[in-house]
Amino acid sequence: MSVDEKMTSTVRLWYDRCRRLALEANALSPRDLFGGKEHYEIPAFQRPYVWSEEDQWAPLWDDVVRVAEDYIAAKSADPDAVPEGHHFLGAVVYESRKPVAGDVTRHDVIDGQQRMMTIQLLLDAAQEVVERRGHDDVAESLGGLILNAATKFMGKRERFKLWPSQADRGAFEYAMDHAGEWSGEHRIIDAHRFFKQEAERWIGGVADEDGVIPPGDEALRVEALSSTLEDRLVLVAINLAGHDDAQLIFETLNDRGTPLLKADLVKNWVFRKGERLGADVTAWAERRWAEFDGVWWREEIRQGRLSRSRIDIFLQYWLTMRRQEELKAEHTFRVFVEYAEPRMNNVAAADGFLAELRRDADTYRNLAQLDENTPEGRYYSRVIERLELAVTTPVFLWLLSKNHGIPVGQMRTGLESLESWVIRRTLLRMPTKDMNKFAVATLKMLDDSEPEQAGEQIVTFLSQQTAETRIWPSDARLTASLPSSRLYGNLRQDRLRVVLGAVEQHWRGQNSMHEAVTLPPALEIEHVMPQGWRAHWDPEPRLGPEAAAQRDVLVNTIGNLTLVTKSLNGSLSNRPWTDADASGITDGGLPGVGKRRLLEKFSLLVLNKKILDGHLDAWTEEDVRERSAALATAICEVWPGPDLEVHEAASEAATALPIGELDAKPWSGLDVERLATEAGESMRTVLDTLSAEPGKWWRNADFLAAGVFQSARHAPSALGALTLKARGSFGRANPPVEYTKIGSDWYWAVSEEFATRWRSARGCR
């Protein structure tokens, strides 16, 4: 397939605009752009480099790896093959100057400077890695796309193929050839470091966080990466040289008008496919597609920095859910065709496929109407809307999808554990950059699970995570870290409102004498001890500098934060706690009234009644610390944490050899005695039950029917933890429990030999 045949609709639009303006637009690779004595300059007044890891670097690296691994697959199958894979990076616009003999060919970058800067950083980072690892020929080839090697350019800006805007020059020189000195942070340096680390890991054949090992040997990986970076990244390059008004042309090129949605391309393909199959496409239009053409679906909504139509957003989420793969928005149409083609090979199959799409679309449209008193409504309101973690929507859709038939109880168990995972990590300000991959990993796990166990499998899966980017913080970690953490100012106020509001409802539910009320939506965060405490909260002798600095942190911890109405917030301000100390204060109305009496008079929240109880005369630093601890405990009750048996076993297994390198060994009497000592309560309960009747096969439902466990999650979690413990603590591939799958159910049993040893170790006959 030619480059032109692979062009996306966006790229074609660029070509069409260029043709209308009599401009030359070429699909060029980095070798084409940077291969000669080229020197591109970004004007000094252009904005600085702003691309980031989450939004640009990581997705770009993933695309580079995808193309490189396609190259490896092709070469592994046929060493003489000419791999065809490419990745389109978008467009760059520049204006070439008149050439001068002996000089570099100079170009002014008009648009695409972020893209070109990133390519140069990626090329240089990869060049450093391959050179350090001894691949000199490849390093030299990559180096020719980074530097102009002629002696006359040494030490000058012309030595670089690209020269950045004024604000970025020092960081760029330092990142590219370690010239000069640099201290502090800069995105250019961070980008170079990111690409260097990723290239080192991939070329070195080191597994990623999902345990996936790059294919091929090192020499083939270096060849594939070099080929991808030099020739398989393609940009639409537009040269404005020779045109009288470059700026006018540039503005015209960027006047996109009303471009086609991805859904428009999908619709066109679907109905053409239907016509070829002989389907009743009129009925399809009425029953399956008509609503997608309505105002609600085509309305653009904001996601992060971008606005897109709801239908395009839904299609991206839906394909992610169905394929269990990350999907970039611009690839939606291509991926839809790849996914739909084999599923629409006859009229009946095609109609069933569109019916499934329609059912999931209806579920997506109704998300905003979910009852917030249900786990699914709370998840949508708190996690997807307030915490803006829309990246988890494919997992949310998977659990709610009528096409999957997840029992309500299992769906809610899964969502409650996911919400806890998100809230706990948010409060501890743990990184979320891995969320795309983690959501996909969760989907893959669910795809291998039975609907009747989907929720429990999510609990187990989350509990098994040991990497810092994925771990589910335990109660011990939360209660140890949260009370002293500065939250206000580091966590958005709407997210703090979610947490404090949930604690309020939790405390109300602990006593039936409290009214069952819905909290007003516009409550604001208030500091009990004010941030401006120096005005009225620092009597003689004044706090010293160190103690004052400690208090500045303390007033922003969770124990000093509460919820009030906007009007009460304005009145509370920096007032003293008691009426006596507030004498003469008129700010905010109600002169001479202290903060305590204002809260007592106007607030009905349990959050605030607990603050008032026992604090008649003062609200002190020790009171803040005690309330922080109480709130941390309440948060653990609102959002229960991981299964500790599973988590501890997973932590042990994380340091063990890969399962393929472990042997299956008999369980000796000493092994069983040690297991009886180290096993947790749920694990012991499972083994006690199985050992009471060796050879009998038990399902999860049998454990529940026998009253062994009250929750459907306990037996599978305990058995999963046992498998991990066998690998981690005991260094063997085989757990002591045998298991088999019959139909949709897993069955477990132990041998007579193990049962005898277990009963002996437990002191049973």
Side-chain angles (χ1 to χ4, degrees), residues 54 209-210 375 378-379 382-384 386-389 391-392 395 413-439 441-442 445 455-492 495-503 506 553 556-559 561 625 627-655 680 682 711 713-714 717 720-721 724 728:
E54 185 171 359
E209 289 186 349
D210 291 318
R378 286 193 294 270
Y379 186 90
R382 292 171 177 173
V383 177
I384 292 179
R386 302 285 186 83
L387 272 67
E388 296 182 353
L389 280 179
V391 68
T392 66
V395 179
T413 294
L415 289 176
E416 286 171 343
S417 61
L418 279 169
E419 184 178 322
S420 169
W421 184 87
V422 167
I423 293 290
R424 286 173 175 238
R425 289 182 60 84
T426 298
L427 286 171
L428 297 182
R429 299 174 59 214
M430 301 175 78
T432 60
K433 67 178 183 179
D434 194 36
M435 282 299 297
N436 283 326
K437 291 183 178 179
F438 191 54
T442 305
M445 177 275 299
E456 292 121 38
Q457 290 297 329
I458 289 180
V459 174
T460 300
F461 179 70
L462 295 177
S463 300
Q464 286 175 346
Q465 302 306 310
T466 56
E468 192 67 10
T469 54
R470 297 186 174 187
I471 199 168
W472 188 2
S474 65
D475 288 1
R477 182 167 182 174
L478 188 77
T479 54
S481 301
L482 181 62
S484 60
S485 297
R486 175 179 179 143
L487 288 189
Y488 191 88
N490 287 329
L491 203 63
R492 277 177 22 189
R495 298 177 180 182
L496 287 171
R497 282 196 292 271
V498 166
V499 174
L500 292 173
V503 172
H506 173 65
V553 173
N556 290 300
T557 59
I558 195 166
L561 305 177
R625 294 186 184 95
R627 184 168 177 269
S628 285
L631 284 170
T633 299
I635 288 166
C636 290
E637 294 167 353
V638 175
W639 291 286
D643 185 311
L644 290 182
E645 275 190 309
V646 174
H647 179 69
E648 290 169 3
S651 297
E652 293 171 353
T655 61
S682 295
S711 169
R713 66 182 270 192
H714 284 132
S717 293
L724 291 168

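Residue numbers start at 1 and run along the sequence shown.
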Lys/Arg-Asp/Glu bridge criterion (N-O < 4.0 Å) met for Glu419, Arg378: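 Result for this pair is no, no salt bridge flagged.
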
Basic-acidic side-chain contact under 4.0 Å: Glu468, Arg425: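 A salt bridge is absent here (no side-chain N lies under 4.0 Å from a carboxylate O).
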
Quick check: do Ile471 and Arg477 have side-chain heavy atoms less than 4.5 Å from each other?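 Touching, per the 4.5 Å side-chain cut-off.
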
Please find the pair of heavy atoms, one from [X] and one from [Y], that lie closest to each other, and give the distance.
X      : Y      : result
Leu644 : Ser474 : CD2-CB, 4.0 Å
Leu428 : Ser481 : CD2-CB, 3.8 Å
Arg470 : Gln465 : O-CB, 3.3 Å
Thr557 : Ser485 : CG2-O, 3.4 Å
Ile423 : Val499 : CG2-CG2, 4.4 Å
Val646 : Ser717 : CG2-O, 3.2 Å

Within the distance-only criterion (no hydrogens, no angle test), does the side chain of [X] pair as donor or acceptor with the backbone N or O of [Y] below 3.5 angstrom?
X      : Y      : value
Ser628 : Gly559 : yes
Thr479 : Asp475 : yes
Thr633 : Ala629 : yes
Ser463 : Asp643 : yes
Arg382 : Ile384 : no
Arg424 : Pro473 : yes
Arg495 : Leu387 : yes

If I take atom OG1 from residue Thr426 and atom CG from residue Leu389, how far apart are they, to the nearest 0.5 angstrom?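 So the OG1 of Thr426 and the CG of Leu389 are separated by 6.0 Å.
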
Once rounded to the nearest 0.5 Å, what's the spacing between atom CG of Leu500 and atom CD1 of Ile635?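 So the CG of Leu500 and the CD1 of Ile635 are separated by 7.5 Å.
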
Is there a side-chain contact (heavy atoms from CB on, under 4.5 Å) between Ile458 and Thr413 once you walk through the steps? CA-CA 8 Å; Ile458 289 180; Thr413 294; over 6 Å; no

Taking the six-membered ring for Trp, are Trp421 and Phe438 closer than 6.0 Å centroid to centroid?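 Yes - the distance between ring centres of Trp421 and Phe438 falls below the 6.0 Å cut-off.
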
For His647 and Gln464: C-alpha separation, side-chain torsions, deciding distance, then whether side-chain hydrogen bond (donor to acceptor under 3.5 Å, both in side chains) applies. CA-CA 5 Å; His647 179 69; Gln464 286 175 346; over 6 Å; no

Ignoring hydrogens and angles, state whether a donor on the side chain of Tyr379 or Thr392 is under 3.5 Å from an acceptor on the partner side chain.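 Side-chain D/A pair, Tyr379 to Thr392: present.
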
Stepwise side-chain contact (heavy atoms from CB on, under 4.5 Å) check, Ser417 with Trp472: CA-CA 9 Å; Ser417 61; Trp472 188 2; 3.7 Å; yes

